[in-house]
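Computed from a prediction, not measured in an experiment: that's the story for all the values here.
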Amino acid sequence: MDTAVQVQEKNRTTSMTEEILSGLQKSQKTLPSKYFYDKRGSELFEHICDLDEYYLTRTELEIMCNNISEIHRALGEKIQLVELGSGSSKKTRLLLDEIPNLKVYVPVDISGKFLRETVDELKSEFPHIDIEPVGADYTRPFDLPCPPDKVRTVAYFPGSTIGNFTKEKAADFLQQVSNLVGQNGALLIGFDLIKSEDVLLAAYNDSQGVTAAFNKNILTHINRKLRADFDVDQFEHRAIFNRDKSRIEMHLISLKDQLVHVEDEAFNFKQGESIHTENSHKYSQESFRAIAEPYFTPVATWIDSDRKFCIQLLESNSE
C-alpha cells in the first residue's frame, strides 16, 4: 500500500471514529447508515435486493428495462456517467449496454474491496468503456477523474438511497451533486413513492432475516474497524413506519442492560434502548421536487404501472 493510500485510509478511519462516537453520544443513539457497507454489508444488501418482499430493486429494474431507449435518448451523447454508491453496478449494466457513446464510467463506493472486485468484472464485460473507479464517501466532496473535452457529466443515484437522508440533508446532498456535475450536468435518480404501510414494513422485515443480518452487520463493521466490543447477538433488528415523517426507520434494540466500548469511550445501553441506524423516506413527486428544485430541474420522469417507484432525470441549475 503506497503512502497516499495509507493517508487516505487513515483519514477515513478518523472520520468514521468521529461520526460513530458523535452518534452514540446522542440521547437517541444513531449510527450513519453508510457504515453498513463493508464487503459483507454490500453482499448482504445484494441479497436483500433479490428478496420477494423487497420490491424496490425489482420495480426499478422493470422501469429501466421498459424505458431504456427513452432514458438513453434523454441522457444524450458523450457522457461521463458517475454512479454514487455503485455496489455491484447491477442496474448500471443496463446503461453500459445501451449507451453506445458513453465515454467514461466512474463507479464511486465507500467499500474499496467490493468496488475493486466489481470493477474487475466490469472491465472484462465492457472492455471498450473507460472505467475509472473512485473509492470515496460520496456524501462528502470528492474529485472526479478529468473527463475528455465536450463530455457531459451525469450522476447516477439509483435505489432510492436519497431516502436515507433527512429532508434537510437530502437538499444539501443534491446541492453537492449539482456542484459535482457542473454546468450542463445532470442527475438520474430513483426514489420510492408513498404507498401502503403493510407493503413498506414487509420490505424491511423480510421473512428470511437478511435485512436483520444487514442491520446488525454495522456493529460487526465497527467492532473490526474501531476497537469496539459490541455483542452483536445482544441487539435485535426492528423496522417501523414513522407516519409523521413518511419514512421507514431501522433500529437496533438492546436486549439487555450492557456496556459497550468504542475506541476509548464507554456507552451504557438499557434493555430496550435503540440505536437508530437508517431512514428510508418515501416521497410523492411533488414533495421530492420541493427539495430538488433549488439545484435541479426535472426534465423526464418514469414510473411503474403500480406507481411504487419513480426515476427522474434532472438537469443541474449550477452555473
Side-chain angles (χ1 to χ4, degrees), residues 10-45 47-48 51 53-54 85 110-111 137 139-140 161 163-170 197 200-282:
K10 182 178 179 181
N11 288 341
R12 264 191 222 150
T13 302
T14 300
S15 174
M16 180 179 183
T17 302
E18 292 171 351
E19 290 179 289
I20 298 301
L21 294 179
S22 175
L24 292 177
Q25 288 163 356
K26 296 176 181 176
S27 56
Q28 166 60 73
K29 294 180 174 66
T30 64
L31 290 172
S33 59
K34 63 187 175 185
Y35 294 122
F36 285 137
Y37 298 99
D38 62 353
K39 186 175 187 295
R40 177 59 177 157
S42 296
E43 291 169 346
L44 284 167
F45 185 70
H47 190 181
I48 288 170
L51 295 171
E53 297 100 326
Y54 197 77
I110 197 171
S111 177
D137 176 357
T139 65
R140 297 172 178 268
T161 310
N164 296 156
F165 298 102
T166 64
K167 300 292 178 68
E168 295 79 11
K169 289 189 180 295
E197 187 172 329
L200 291 172
L201 287 172
Y204 295 86
N205 291 288
D206 65 275
S207 58
Q208 296 181 41
V210 183
T211 308
F214 173 70
N215 196 9
K216 292 168 73 171
N217 182 70
I218 196 171
L219 303 182
T220 303
H221 185 194
I222 293 167
N223 281 348
R224 187 180 68 254
K225 295 286 285 188
L226 301 184
R227 294 191 295 118
D229 59 2
F230 282 100
D231 185 345
V232 178
D233 291 335
Q234 293 302 320
F235 287 86
E236 177 182 70
H237 162 75
R238 188 175 299 168
I240 62 172
F241 184 64
N242 184 325
R243 294 184 187 86
D244 292 339
K245 296 186 177 180
S246 189
R247 71 188 188 194
I248 289 284
E249 295 179 2
M250 290 215 310
H251 294 257
L252 289 168
I253 310 299
S254 179
L255 297 178
K256 65 177 185 178
D257 292 349
Q258 54 184 310
L259 184 68
V260 174
H261 299 87
V262 180
E263 297 288 351
D264 297 323
E265 298 283 341
F267 298 95
N268 283 296
F269 286 84
K270 298 292 186 183
Q271 181 177 357
E273 185 177 1
S274 83
I275 311 173
H276 187 175
T277 56
E278 185 179 50
N279 294 315
S280 185
H281 290 84
K282 310 306 172 183

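Between Phe230 and the options Leu252, Ile275, Thr220, a side-chain contact (heavy atoms from CB on, under 4.5 Å) holds for only Ile275. Put simply, the residue from Ile218, Leu31, Thr30 that forms a side-chain contact (heavy atoms from CB on, under 4.5 Å) with Ile20 is Leu31.
Lys282 places a side-chain heavy atom less than 4.5 Å from the side chain of Ile248. The shortest distance between side-chain heavy atoms of His221 and Met16 falls below 4.5 Å. Residues Asn279 and Asn164 fail the side-chain proximity criterion, which asks for heavy atoms closer than 4.5 Å. Side-chain contact check for Leu219 versus Val260: every heavy-atom pair is 4.5 Å or farther apart. Contact check for Tyr54 versus Phe45: side-chain heavy atoms found under the 4.5 Å cut-off.
In this structure, Ser254 contributes its side chain and Glu273 its backbone to no donor-acceptor pair below 3.5 Å. Panel note: side chain Glu263, backbone Thr17; no donor-acceptor pair is recorded below 3.5 Å. Between the His281 side chain and the Phe165 main chain, a donor and an acceptor come within less than 3.5 Å of each other. Listed for the Asp137 side chain is no donor-acceptor partner under 3.5 Å among the backbone atoms of Ile110.
Ion pairing between a basic and an acidic side chain is recognised when a charged N comes within 4.0 Å of a carboxylate O; Asp38 and Lys225 show no such pairing.
Under the 30°/60° scheme for interplanar angles, the aromatic rings of Phe36 and Phe214 are found to be tilted.
Atom CD1 of Ile253 and atom CZ of Arg238 lie 4.0 Å apart (nearest 0.5 Å). Rounding to the nearest 0.5 angstrom, the gap separating the CD atom in Glu53 from the OH atom in Tyr204 is 12.5 Å.
Every residue meeting the side-chain contact (heavy atoms from CB on, under 4.5 Å) condition with Ala212, not counting sequence neighbours, appears here in chain and number order: His237. Looking at residues two or more places apart in sequence or on another chain, you find a side-chain contact (heavy atoms from CB on, under 4.5 Å) between Gln208 and His47, Leu51, Asp206, Val210.
Listed by first and then second residue, the salt bridge (charged side-chain N to carboxylate O under 4.0 Å, His left out) pairs involving residues 239-253 are Glu197-Arg243, Arg247-Glu249 (not counting sequence neighbours).
Annotation for His276 and Met250: closest pair CD2-O, 3.4 Å, computed over non-hydrogen atoms.
Tyr35 and Glu19 form a side-chain donor-acceptor contact under 3.5 Å, judged by distance and modelled atom types alone.
Both cation-pi conditions hold for Lys29 and Phe269: the charged atom is under 6.0 angstrom from the six-membered ring centre and inside a 45 degree cone around its axis.
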